[in-house]
Amino acid sequence: MGGKDRFTRSQLHKNDDKKGVERMGTTMDKVVSLAKNRGFIFPGSEIYGGLANTWDYGPLGVELKNNVKKAWWKKFVQESPYNVGLDAAILMNPKTWEASGHLTNFNDPMIDCKKCKSRFRADKLIESNIPADQIPGPVDGLDFQTMQQLIEEHKIKCPECGAHDFTPIRQFNLMFKTYQGVTESKKDEIYLRPETAQGIFVNFKNVQRAMRKKIPFGIGQVGKSFRNEITPGNFTFRTREFEQLELEFFCKPGTEKEWFQYWRTFGFDWLKSLNIKEENLRLRDHEQEELPHYSDATTDMEYLFPFGWGELSSLSSRTDYDLRRHMEISGQDLQYIDQNANERFIPYVIEPSLGADRVTLAFLTDAYEEEKIDEKDSRTVLRFHPALAPYKACVLPLSKKLGKEARDIYGKLASHWMVDYDETGSIGKRYRRQDEIGTPFCITYDFDSKDDGKVTVRDRDTMDQIRLPIEELSDYLSEKITF
RNA sequence: GCGGGUGUAGUUUAGUGGUAAAACAAGAGCCUUCCAAGCUCUGGUCGUGGGUUCGAUUCCCAUCACCCGCUCCA
């Protein structure tokens with residue numbers, strides 16, 4: 001619906017020129033189009049004309065995303081000697097957001113120039129136009145009235161057109177509000193969580209005690225978060241409802257730098273181990289002035305999307321900011337007691353979190369390839385790591401007459417993995433269909449199979465075929481798929 | 001929210017003041033013994049509502065949605 005202009009090439013070029021980024025081969029509109037056609041990602045609420053920037057994961061998309069989440073959980077929780085899991089509620093006591101700073105810092109003061117209609121952040125405007133010594137305190141701590149006064153007193157001009165004719169400052173709250181209980185009265189106002197991290201922090205003591213964890217240890221959680229972004233966009237890259245792969249790692253103050261390095265490498269290796277192309281990845285350390293208020297070091301892991309470099313993860317060293325704030329607001333003691341050293345301290349936190357939808361999109365984009373086979377033949381193929389592929393295999397009878405036997409094989413494999421079955425069209429066409437959804441193996445049952453008990457296994461990437469006894473299929477696939 | 005643009009089949013695109021076309025994709029059938037073969041059949045109240053008109057998908061208005069830019073971010 002109305003997708004005609006979505007990521008057209010001219011717009012991409014415009015975007016690319018601006019960011020000085022070029023990514024040959026894959027364009028976003030092709031990925032979006034394949035995603036919709038093949039059941040990966042559909043526009044949300046489409047029959048009602050859609051709802052801005054909502055996307056629904058289709059049958060293949062949910063497999064892909066679930067596989068991403070599983071692969072993350074496996075490496076960050078299951079196989080980690082340090083970490084345990086959690087699934088906290090989306091709705092939390094509003095005091096949580098007072099402690100986390102979201103109630104104050106998620107309120108962006110926006111101001112519009114009435115003359116040229118440009119929009120600015122009032123705090124940035126003040127920062128860049130008024131000498132620091134004439135500003136009463138840090139800019140992000142000022143209330144709106146003070147900001148308004150400063151802009152008036154210093155006759156700040158619009159950076160675009162030079163006029164001094166601004167609208168009043170308006171507040172953009174990035175948190176989704178809702179109401180607990182059936183009456184919409186003010187006191188029942190609560191928020192959908194803008195990050196999963198706080199669910200972990202408020203459970204720090206519970207988890208530590210219940211699991212008898214010693215520092216250092218981490219708590220991982222996968223879940224949805226909600227932010228009223230002013231400008232979402234770029235397909236599933238920035239949406240108002242999104243899923244996070246969150247890990248909060250608690251360590252002793254003084255050891256945070258080495259753990260920062262540890263998780264920095266760990267996260268990067270995780271992506272590489274799932275076959276993401278290294279040339280499309282980069283780590284970007286934040287400059288001091290770029291750092292968020294809660295962090296003393298931050299490194300973004302970025303992926304080169306067709307629309308430019310985009311942040312997949314923000315590894316951040318959060319000091320004791322979060323637990324300290326929760327101690328202040330809740331009045332509870334969240335200090336860790338080290339019995340051996342007879343010490344008591346607020347742990348420092350390293351947060352190597354990823355955006356689940358972003359990582360999924362990166363894997364999808366990275367896997368996409370239009371391969372030229374010869375002069376007049378080409379194919380579209382998604383080269384997913386087998387652990388991420390929605391279907392691990394597809395069973396194909398060479399002829400419909402062999403359907404019964406092929407279905408038996410399908411049934412056996414389906415008890416282990418997501419497996420597809422297809423008997424329509426020529427064998428070549430069916431291979432191409434599976435290439436396009438990234439199925440790593442196609443298993444063809446032919447006229448000899450009944451006699452020799454063997455089938456052909458065709459590899460997605462090399463298109464090579466081997467012949468294998470039917471009873472060895474499970475072991476063969478199992479070995480290839482393991483992550 | 002502001003500014004600009006766009007809405008025709010699953011996708012990409014034609015087209016017209018007299019109720020729409022192509023390619024690819026999809027489904028059914030015939031055929032087909034390992035890499036997109038072929039043949040036959042199947043699809044749309046032209047985003048929604050209103051107006052102008054004998055008549056609108058085409059003109060006008062509104063509305064909704066999407067895309068691009070700005071501010072934001074995992």
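Scope of the values below: all heavy atoms of this structure, side chains included, with no hydrogens, waters or symmetry mates. Note on naming: letters A, B, ... go to the chains in the order of the sequence lines (proteins, then strands), and numbering restarts at 1 for each one.
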- Task: Any chance you could list the contact pattern along nucleotides 30-37 of chain B? Use B for base contacts, S for sugar-phosphate-only contacts and - for none, protein heavy atoms under 4.0 Å, 5' to 3'.
- Result: ---BBBBS
- Rounded to whole Å, CD1 of A:I437 lies from C1' of B:rA26 at a distance of 14 Å
- Task: Using the closest heavy atom to pick a nucleotide of RNA chain B for each, name whichever of A:N37 or A:E243 lands nearer the 5' end.
- Result: A:N37
- Task: With heavy atoms under 4.0 Å as the rule, sort A:T54 into base, sugar-phosphate or nothing.
- Result: nothing
- Item | Counter-base of B:rC70, judged by Watson-Crick or G-U geometry with both distances under 3.5 Å | B:rG1
- Message: Between B:rG18 and B:rU58, how far apart are the two P atoms, rounded to whole Å?
- Response: 11 Å
- Query: What do you reckon, are the aromatic ring centroids of A:F250 and A:F204 less than 6.0 Å apart?
  - Reply: yes
- Paired to B:rC39 by Watson-Crick or G-U wobble criteria (both distances under 3.5 Å) is B:rG29
- Message: Need the pair for B:rC34. Rule: Watson-Crick or G-U wobble, both distances under 3.5 Å, any strand; none if unpaired.
- Response: none
- Message: Strictly below 4.0 Å, N to O, side chains only: are A:D56 and A:K36 in salt-bridge contact?
- Response: no
- Query: Which residue, A:E195, A:E241, A:R240, A:M175, forms the side-chain contact (heavy atoms from CB on, under 4.5 Å) with A:R227?
  - Reply: A:E195
- Before accepting this row, confirm whether a basic side-chain N of the pair A:D435/A:R430 lies closer than 4.0 Å to the acidic partner's carboxylate O. no
- Can you tell me, in whole Å, how much space there is between the C1' of B:rU53 and that of B:rC39? 47 Å
- Query: Starting at CD of A:E423 and ending at P of B:rG27, how long is that distance when rounded to a whole Å?
  - Reply: 12 Å
- Item | Separation of atom CZ in A:F242 from atom P in B:rC72, rounded to whole Å | 16 Å
- Quickly, which of A:W263, A:F260, A:Y262 forms a ring pair (Phe, Tyr, Trp, His ring centres under 6.0 Å) with A:F249? Name it, please. A:W263
- Query: When the P atoms of B:rU48 and B:rU8 are considered, how many whole Å apart are they?
  - Reply: 10 Å
- Note on the structure: Here the distance between atom C1' of B:rA74 and atom CZ of A:F305, to the nearest Å, is 11 Å
- Note on the structure: The Watson-Crick or G-U wobble partner of B:rG7, with both key distances under 3.5 Å, is B:rC64
- Message: In whole Å, measure the gap between the P atoms of B:rC59 and B:rU6 for me.
- Response: 12 Å
- Note on the structure: Atom CZ of A:F40 and atom P of B:rU11 are separated, to the nearest Å, by 17 Å
- Considering Watson-Crick and G-U wobble pairs with both distances under 3.5 Å, what does B:rU58 pair with? none
- Message: Work out how far the C1' atom of B:rU45 is from that of B:rC41, and round it to whole angstrom.
- Response: 23 Å
- Query: With both distances under 3.5 angstrom, what nucleotide forms a Watson-Crick or G-U wobble pair with B:rU12?
  - Reply: B:rA22
- Message: Please report the distance, rounded to the nearest Å, between CG in A:L34 and C1' in B:rA25.
- Response: 12 Å
- Message: Once hydrogens and angles are ignored, does a donor-acceptor distance under 3.5 Å link the base of B:rC73 to the side chain of A:R358?
- Response: yes
- B:rU52 pairs with, by Watson-Crick or G-U criteria that keep both distances under 3.5 Å: none
- Message: Between B:rU57 and B:rG69, how far apart are the two C1' atoms, rounded to whole Å?
- Response: 31 Å
- Assess the pair A:F42 and A:W55: is the distance between their ring centroids shorter than 6.0 Å? no
- Carboxylate-amine/guanidinium contact A:D452 A:R467, below 4.0 Å: yes
- Whole-angstrom distance between B:rC46 and B:rA20, as gauged at atom C1': 8 Å
- Atom pair distance, as rounded to whole Å: CE in A:M301 and P in B:rA74: 14 Å
- Under a 4.0 Å N-O cut-off, is there an ion pair linking A:K65 with A:D357? yes
- Does A:R227 get its side chain close enough to the base of B:rC72, under 3.5 Å, for a donor-acceptor pair? no
- Between B:rU13 and B:rC70, how far apart are the C1' atoms? Round to whole Å, please. 32 Å
- Message: Measure CE/A:M175 against C1'/B:rA74 and give the value in whole Å, please.
- Response: 16 Å
- Message: I want to know whether A:F266 and A:F76 have ring centres closer than 6.0 Å.
- Response: yes
